[in-house]
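Both ligands and their constituent atoms are indexed starting at 1 by order of listing.
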Amino acid sequence: MKKEMRYLVPGDYMADPAVHVFNGRVYIYPSHDWESGIPENDNGDHFNMKDYHVFSTDDVMHGEIKDHGVVLATEDIPWAGRQLWDSDVAFKNGKYYMYFPLKDKNDIFRIGVAVSDSPEGPFIPQPDPIKGSYSIDPAILDDGDGCYYMYFGGLWGGQLQRYRDNKALESAVLPTGNEPALPGRVAKLSDDMLQFAEEPRPVVILDENGKPLTAGDNERRFFEASWMHKYNGKYYFSYSTGDTHLLCYAIGDNPYGPFTYQGVILTPVVGWTTHHAIAEYKGKWYLFHHDCVPSEGKTWLRSLKVCELEYDSEGKIITIDGGGE
Ligand code: FUB
């Protein structure tokens with residue numbers, strides 16, 4: 001379905017939105033793309049982001065989008081190497097916690113936490129990354145019962161293939177063909193929100209026969225860009241399929257899954273990556289995402305977009321046309 005689309009920040013390049021409603025306003029936490037001159041490669045070196053802005057609005061499709069400025073930068077993070085990728089923010093007990101992936105000084109992605117008294121930042125980073133963290137794209141579920149869960153992971157440049165059972169491998173191997181696909185990960189957060197409360201677990205996605213999706217099923221298997229939202233008491237785990245450029249989703253009964261594959265949320269956009277957040281505001285649901293139309297296809301210069309998202313009477317998400325190939 002073709003939808004009315006809005007570019008949210010036409011004057012700058014922003015991507016990978018995380019979106020939450022705090023204090024009655026919509027807060028958007030994107031990655032901040034820029035032209036760093038690094039050549040494009042499969043490792044994602046061209047995504048060389050170095051800071052985050054926060055945006056907010058009280059009218060998603062038509063209102064003013066307020067830029068709260070730079071809220072965290074690599075130069076403020078003691079353990080920083082390079083590449084601030086997709087972040088997310090959660091609220092608990094009067095504090096806001098920003099979770100961000102960043103390569104450390106050994107060029108290994110870790111996930112860090114930075115804390116603020118306001119959803120608008122600035123966020124003050126902890127001295128070290130979360131113990132036992134790895135890979136990219138943290139997304140936080142506030143389950144409403146005092147428990148918070150982090151979903152994370154990404155293949156290729158996101159380094160997930162370097163780990164099995166939360167241990168680093170000597171050499172990275174991607175499964176192929178009928179082998180089970182590499183899953184994303186989920187971990188409950190500690191009470192103070194600064195560490196994992198448990199070893200990360202696999203986010204298993206099953207097909208219609210109850211079998212885990214296979215590595216060769218790259219139109220459906222997980223690649224990166226985890227997001228979790230709840231609808232009618234069910235857990236909707238959504239993600240990007242990476243090299244097939246789809247946003248898909250799977251439904252489960254609890255935060256750990258397993259989740260059963262349901263379908264495509266967004267067909268490919270213009271640009272290699274696709275990444276999103278789903279949020280409800282004032283009784284409507286929205287799909288926040290990005291594409292590379294304004295940069296004329298430069299995959300490292302992405303622009304934030306939003307459109308409405310609809311469910312059918314059985315809770316299935318109606319597929320949206322991304323406008324790409
Ligand atoms: O922005 C860098 C990476 O591109 C993100 O972490 C991925 O999800 C993809 O959007």
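- Set against the non-hydrogen atoms of Met49, the atoms of ligand 1 under 4.0 Å away are 1 (O), 2 (C).
- Using a 4.0 Å cut-off to heavy atoms of Asp137, the atoms of ligand 1 that qualify are 5 (C), 6 (O), 7 (C), 8 (O).
- Residues Asp58 and Lys66 are not paired through a salt bridge, judged by the lack of any N-O separation under 4.0 Å between the basic side chain and the carboxylate.
- Remark: the Asn41 side chain and the Asn43 side chain contain no N/O donor-acceptor pair separated by less than 3.5 Å.
- An N or O contact shorter than 3.5 Å links Asp16 to ligand 1 by distance.
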Assess whether side-chain hydrogen bond (donor to acceptor under 3.5 Å, both in side chains) is satisfied between His290 and Thr273, documenting all intermediate values.
CA-CA 8 Å; His290 66 228; Thr273 70; 2.8 Å; yes

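- Classification of Asp59 and Lys282 as a salt-bridged pair fails, no side-chain N sitting under 4.0 Å from a carboxylate O.
- The distance criterion of under 3.5 Å between nitrogen or oxygen atoms is not met by Ser31 with respect to ligand 1.
- For ligand 1, the atoms closer than 4.0 angstrom to any heavy atom of Glu224 are 7 (C), 8 (O), 9 (C).
- Residue contacts with ligand 1, taken as heavy atom pairs separated by less than 4.0 Å, do not involve His46 at all.
- Of the options Asp143, Asp145, Asp142, a salt bridge (charged side-chain N to carboxylate O under 4.0 Å, His left out) to Lys230 is made by Asp143 and by none of the others.
- Scanning all protein heavy atoms for the shortest distance to atom 4 (O) of ligand 1 gives Arg302 NH1, 3.2 Å.
- Side chains of Asp137 and Tyr239: a donor-acceptor N/O pair is absent below 3.5 angstrom, by distance only.
- For ligand 1, the polar-atom distance check against Trp85 finds no nitrogen or oxygen pair separated by under 3.5 Å.
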